[in-house]
Amino acid sequence: MKNEMLAMILAGGRGTRLLDLTNKVAKPAVYYGGKYRIVDFPLSNAANSGIDVIGVLTQYESIQLNAYVSQGSRWGLEGRGKGVFVLPPREKDNTTFGVYKGTADAIYQNIDFMDMYEPEYVLILSGDHIYKMNYAKMLAFHKEQNADVTIAGLEVTYEEAKRFGIMNTDANDRIVEFEEKPAHPKNNLASMGIYIFTYKALKKALNLDANDEKSAHDFGKNIIPYMLNNNKKLMAYRFKGYWKDVGTIDSLWEANMDLLDSDNGLNLSDETWKIYTEDAPATPQVIGPKAKIKRSYINQGCVIDGTVENSVLFTDCKISKGAKIIDSVLMPKVVVEEGAVVKNCIVAEGLVIPKDAEIGDRSEIRLIARKGQVEKND
């Protein structure tokens with residue numbers, strides 16, 4: 001069962017800034033892009049990079065996410081010696097059932113799973129970012145540099161840098177200092193939360209961290225600083241493509257709107273690097289004789305008899321005569337009745353926008369996730 005590298009996806013976050021979208025579903029299972037879920041991206045990237053074993057560490061409201069990722073055939077990961085494995089917290093050694101206390105603790109609690117595959121390297125990913133990356137190229141860089149840890153990094157604005165772990169490097173991109181969410185960042189190379197560890201070094205650090213009662217058991221706060229302080233070789237791997245942390249309603253809306261630009265850098269139509277997802281059983285689109293569609297993503301099963309502009313519609317949405325959808329994201333099975341207008345909104349799955357209702361305006365992005373938010377003339 002020996003594998004050169006396996007992947008571990010941290011997918012247990014609450015996603016509280018996504019408000020009602022994550023009341024009953026984990027953030028990585030949130031819909032994106034007309035047909036996808038956020039977790040499709042790290043899973044597809046891993047499968048496309050030739051990684052056969054992927055552990056998905058779930059925790060918060062995980063029932064739907066567990067059922068979804070356990071279908072490894074979506075990513076071509078079914079068969080002997082490979083698969084997608086759901087790894088929730090579990091009772092061990094007659095101890096009380098607990099939870100993952102931090103990102104490092106989540107990986108630590110699954111050392112036994114990793115040991116089964118005897119990996120030389122472990123790739124650790126976040127389950128809630130939108131991007132495409134070839135992890136095999138990152139691994140080649142890690143091996144060329146003979147690194148203990150390689151961290152993918154992206155240049156952001158200095159204002160944004162305050163929200164990230166910031167890597168200060170020398171001229172050869174060796175990390176000499178790691179600052180977690182600094183108030184006054186020294187540079188703008190932000191950690192993307194994508195790590196490749198040489199497994200022996202990772203396992204030692206995790207065991208030491210687990211016995212430290214003062215630790216937050218977090219990679220950015222504890223594991224990375226520990227390795228720097230102990231003269232381990234940490235390298236920054238610079239990423240140049242599209243990457244989006246969809247942690248807020250605004251950023252989720254922006255990431256969907258980005259798809260409407262032909263040069264957005266993500267290119268979901270690329271046959272050489274597909275993003276795989278659930279193949280929902282739906283009928284073909286129906287575009288009515290008076291429908292008006294401009295610069296929009298329209299998925300299968302949609303019936304359009306009204307106007308759709310600069311918007312993303314998921315599977316089985318219905319837009320009635322005289323209805324207008326402008327600068328909005330409609331998740332699966334949304335029905336917009338006659339004469340209703342939706343502007344600058346994200347509308348959650350299965351909601352009905354009643355006849356002649358007017359929802360949203362140009363001043364802010366609004367989430368419509370409950371029936372009480374969609375009364376007439378809102």
Side-chain angles (χ1 to χ4, degrees), residues 17-22 30-38 130 242 244 246-269 280 282-378:
R17 292 178 298 164
L18 290 176
L19 307 175
D20 288 340
L21 285 180
T22 53
V30 167
Y31 291 110
Y32 164 78
K35 64 180 294 185
Y36 305 96
R37 295 178 187 265
I38 298 171
I130 304 294
Y242 181 96
K244 193 83 167 182
V246 286
T248 66
I249 294 300
D250 282 359
S251 62
L252 180 60
W253 179 87
E254 288 167 3
N256 277 278
M257 294 298 109
D258 286 345
L259 294 175
L260 305 180
D261 292 326
S262 58
D263 60 348
N264 61 61
L266 192 59
N267 189 10
L268 295 181
S269 299
T283 59
Q285 298 172 359
V286 177
I287 309 300
K290 294 186 178 181
K292 296 179 181 179
I293 300 175
K294 179 181 178 181
R295 193 174 173 268
S296 295
Y297 253 48
I298 312 292
N299 200 18
Q300 65 200 73
C302 290
V303 177
I304 312 295
D305 288 305
T307 297
V308 180
E309 295 182 3
N310 301 320
S311 295
V312 175
L313 273 58
F314 282 74
T315 309
D316 291 332
C317 288
K318 305 285 190 294
I319 311 302
S320 303
K321 294 177 182 179
K324 294 182 179 180
I325 310 301
I326 301 170
D327 300 330
S328 294
V329 179
L330 273 55
M331 293 185 173
K333 301 183 186 299
V334 169
V335 175
V336 183
E337 295 183 341
E338 290 186 20
V341 178
V342 179
K343 294 180 181 178
N344 271 32
C345 290
I346 297 176
V347 183
E349 181 178 8
L351 286 183
V352 176
I353 309 296
K355 183 177 179 180
D356 297 326
E358 294 186 11
I359 310 296
D361 56 43
R362 297 288 184 181
S363 64
E364 63 178 349
I365 307 305
R366 188 171 173 195
L367 171 64
I368 308 299
R370 290 175 280 109
K371 186 177 179 181
Q373 295 177 281
V374 291
E375 298 302 325
K376 291 184 180 181
N377 300 317
D378 177 70

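Atoms considered below: every heavy atom in the structure, side chains included; atoms not considered: hydrogens, waters and symmetry mates.
Ser320 pairs by the side-chain contact (heavy atoms from CB on, under 4.5 Å) definition with Glu338, not counting sequence neighbours. With sequence neighbours left out, the ring-ring contact (aromatic ring centres under 6.0 Å, His included) criterion links Tyr297 to no other residue. Checked against side chain to side chain donor-acceptor pair (under 3.5 Å), Ser262 has no partners two or more places apart in sequence or in another chain. Scanning for salt bridge (charged side-chain N to carboxylate O under 4.0 Å, His left out) contacts around Asp305 gives an empty result, with sequence neighbours left out. For Thr248, the side-chain contact (heavy atoms from CB on, under 4.5 Å) partners two or more places apart in sequence, or in a different chain, are Arg17, Asp250, Ser251. For the side-chain contact (heavy atoms from CB on, under 4.5 Å) test, residues two or more places apart in sequence or in another chain that qualify with Asn299 are Lys35, Thr315. The salt bridge (charged side-chain N to carboxylate O under 4.0 Å, His left out) test applied to Lys333 returns Asp316, not counting sequence neighbours.
Residues in residues 319-359 take part in no ring-ring contact (aromatic ring centres under 6.0 Å, His included) pair, two or more places apart or across chains. Pairs engaging residues 326-365 under the ring-ring contact (aromatic ring centres under 6.0 Å, His included) rule: none recorded [sequence neighbours left out]. Pairs engaging residues 252-263 under the salt bridge (Lys or Arg N to Asp or Glu O under 4.0 Å) rule: Lys244-Glu254, Asp261-Arg295 [sequence neighbours left out]. Sorted by first and then second residue, the ring-ring contact (aromatic ring centres under 6.0 Å, His included) pairs with a member in residues 298-333 read Tyr31-Phe314; sequence neighbours excluded. For residues 319-338, no residue pair satisfies the ring-ring contact (aromatic ring centres under 6.0 Å, His included) rule, not counting sequence neighbours.
Atom CG in Leu260 sits 6.5 Å away from atom CG in Asn310 (nearest 0.5 Å). With rounding to the nearest 0.5 angstrom, the CH2 atom of Trp253 is 5.5 Å from the CG atom of Asp327. Between atom CD1 of residue Ile130 and atom CG of residue Leu259 there is a gap of 8.5 Å, rounded to the nearest 0.5 Å. Here the straight-line distance linking atom OG of Ser328 with atom CD1 of Ile365 works out to 8.0 Å at 0.5 Å rounding. Expressed to the nearest 0.5 Å, how far CG of Asn256 lies from OG of Ser311 amounts to 10.0 Å. Distance check: Ile304 CD1 to Lys292 NZ gives 14.5 Å after rounding to the nearest 0.5 Å.
The side-chain heavy atoms of Val308 and Leu330, taken from C-beta on, include no pair separated by under 4.5 Å. In this structure, the side chains of Leu21 and Leu252 come closer than 4.5 Å at one or more pairs of heavy atoms.
Here the rule is side chain to side chain contact (heavy atoms under 4.5 Å, CB included) with Leu313, and of Ile293, Val336, Ile319, Val334 only Ile319 fits it. Of the candidates Ile346, Val329, Asp20, Ile346 is the only one forming a side chain to side chain contact (heavy atoms under 4.5 Å, CB included) with Ile249.
Environment of NZ in Lys324: sparse, with no more than 12 heavy atoms of neighbouring residues, nucleotides or ligands closer than 6.0 Å.
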